[in-house]
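Take a look at the structure set out below.
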Amino acid sequence: MTKNCPNCGKLVPDDAKFCMDCGYAFDGKQNKNMFSNGSIFLILIAVILVVGGIFIITSSFGGGDSSQAVVDDVEHVDLTINGVGGWDNPADSDSKASYSLYTEAIFNSVPDNIKEYNVKTIYYDSNGTEIGHETEKLENVYYDTDYAISFGFYTAYKLPDPDHVTVEIILNGKVIDNYTEKIDRNKIDYLN
């Protein structure tokens, strides 16, 4: 047999102690069911607000590597540095000796608007002191290929002793990505 709940009118079994729909207690005592009278709705709204607030706060403050300047909503350049090469240009009667370095990298992805990006290639010695750098427009460096692209050509007149290279991707004057690689000195002709 069934009976109607006097509070909401829902049909419930005769032996029910409370209404499964509204939480009304049939024994005359008020049921403090947390799922009654819309409480579940209020709890759900509170959880959504807390989770949303945490998401907004963590995304506003970055939550990532603070050593890199990050620009939101930007397509990033993704590359893999393959190595650094170099050669010497011996002195002759018209010029003095010079030493050149270059970086090779595979560009895994680039944004559509490459005209807005610059690539800065910085060579460092083992003490972390900058040897020299070269800044170029990405559109002058990149072309669609599956092979490594050479860029960052830097020439010095004093024998450089490079240890590592950093490639910075710059948009609107801000570094949005950077990649650092230890240099294999065996690939630099004048060091061997």
Side-chain angles (χ1 to χ4, degrees), residues 53-192:
I54 291 170
F55 176 75
I56 289 170
I57 289 170
T58 57
S59 63
S60 295
F61 294 112
D65 182 7
S66 60
S67 66
Q68 286 187 359
V70 177
V71 179
D72 294 332
D73 300 321
V74 173
E75 288 187 59
H76 293 275
V77 174
D78 181 30
L79 61 86
T80 304
I81 298 173
N82 286 16
V84 171
W87 68 89
D88 62 328
N89 300 304
D92 59 24
S93 61
D94 295 331
S95 65
K96 56 186 190 175
S98 63
Y99 306 91
S100 296
L101 295 169
Y102 64 92
T103 297
E104 291 183 340
I106 294 178
F107 286 78
N108 303 314
S109 65
V110 295
D112 292 333
N113 56 339
I114 65 174
K115 291 182 179 187
E116 299 176 22
Y117 292 78
N118 289 321
V119 178
K120 184 176 182 180
T121 309
I122 311 164
Y123 301 98
Y124 295 95
D125 65 16
S126 60
N127 296 322
T129 303
E130 181 180 325
I131 294 170
H133 68 270
E134 183 65 35
T135 303
E136 304 160 90
K137 292 188 168 288
L138 180 58
E139 68 180 325
N140 295 338
V141 170
Y142 175 76
Y143 58 94
D144 190 13
T145 179
D146 293 332
Y147 300 100
I149 297 174
S150 297
F151 59 94
F153 290 89
Y154 172 75
T155 300
Y157 294 101
K158 179 181 169 192
L159 180 67
D161 190 14
D163 178 71
H164 60 281
V165 63
T166 296
V167 176
E168 295 179 344
I169 307 301
I170 302 168
L171 177 64
N172 299 326
K174 294 183 181 178
V175 177
I176 61 168
D177 287 311
N178 69 53
Y179 304 90
T180 299
E181 186 72 26
K182 181 94 168 138
I183 293 174
D184 180 359
R185 297 167 51 87
N186 294 323
K187 292 185 177 181
I188 300 176
D189 293 341
Y190 65 78
L191 293 177
N192 295 305

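Predicted, not measured: the structure shown is a model, and the values here were computed from it. What you see below is based on every heavy atom in this structure, not just the backbone, and it leaves out hydrogens, waters and symmetry mates.
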- prompt: Looking only at side chains, do Y123 and T103 share a donor and an acceptor under 3.5 Å apart?
  reply: yes
Interatomic distance, F107 atom CZ to D78 atom CG [nearest 0.5 angstrom]: 10.0 Å
field: Inter-residue atom distance I183.CD1 - I81.CD1, 0.5 Å rounding
entry: 9.0 Å
task: Output, in order, the C-alpha distance, side-chain angles, deciding distance and verdict of side-chain contact (heavy atoms from CB on, under 4.5 Å) for Y117 and I176.
output: CA-CA 10 Å; Y117 292 78; I176 61 168; 3.5 Å; yes
- request: Apply the side-chain contact (heavy atoms from CB on, under 4.5 Å) test between V77 and each candidate in V119, N108, I169; give the one that qualifies.
  value: I169
- request: Measure the NZ-CG distance between K96 and N89 for me, rounded to the nearest 0.5 Å.
  value: 13.0 Å
- request: Return the minimal non-hydrogen interatomic distance between N82 and A148, and the atom names on each side.
  value: ND2-CB, 3.5 Å
field: Side chain D125, main chain N127, donor-acceptor under 3.5 Å
entry: yes
field: Check: V84 and P162 side chains under 4.5 Å, non-hydrogen atoms
entry: no
message: Suppose we screen for salt bridge (Lys or Arg N to Asp or Glu O under 4.0 Å). Which residues come up paired with D88, at least two apart in sequence or across chains?
response: none
query: Do the non-hydrogen side-chain atoms of Y190 and P160 ever get within less than 4.5 Å of each other?
result: yes
Taking every non-hydrogen atom, the tightest pair across T135 and N118: CG2-CB, 4.3 Å
From L171 atom CG to E168 atom CD, the distance as rounded to the nearest 0.5 Å: 13.5 Å
message: I need the full list of ring pair (Phe, Tyr, Trp, His ring centres under 6.0 Å) pairs touching residues 154-175, with sequence neighbours left out, sorted by first then second residue.
response: Y124-H164
Interatomic distance, F151 atom CZ to Y102 atom OH [nearest 0.5 angstrom]: 12.0 Å
field: Interatomic spacing from CD in E116 to CD1 in I170 - rounded to 0.5 Å
entry: 14.0 Å
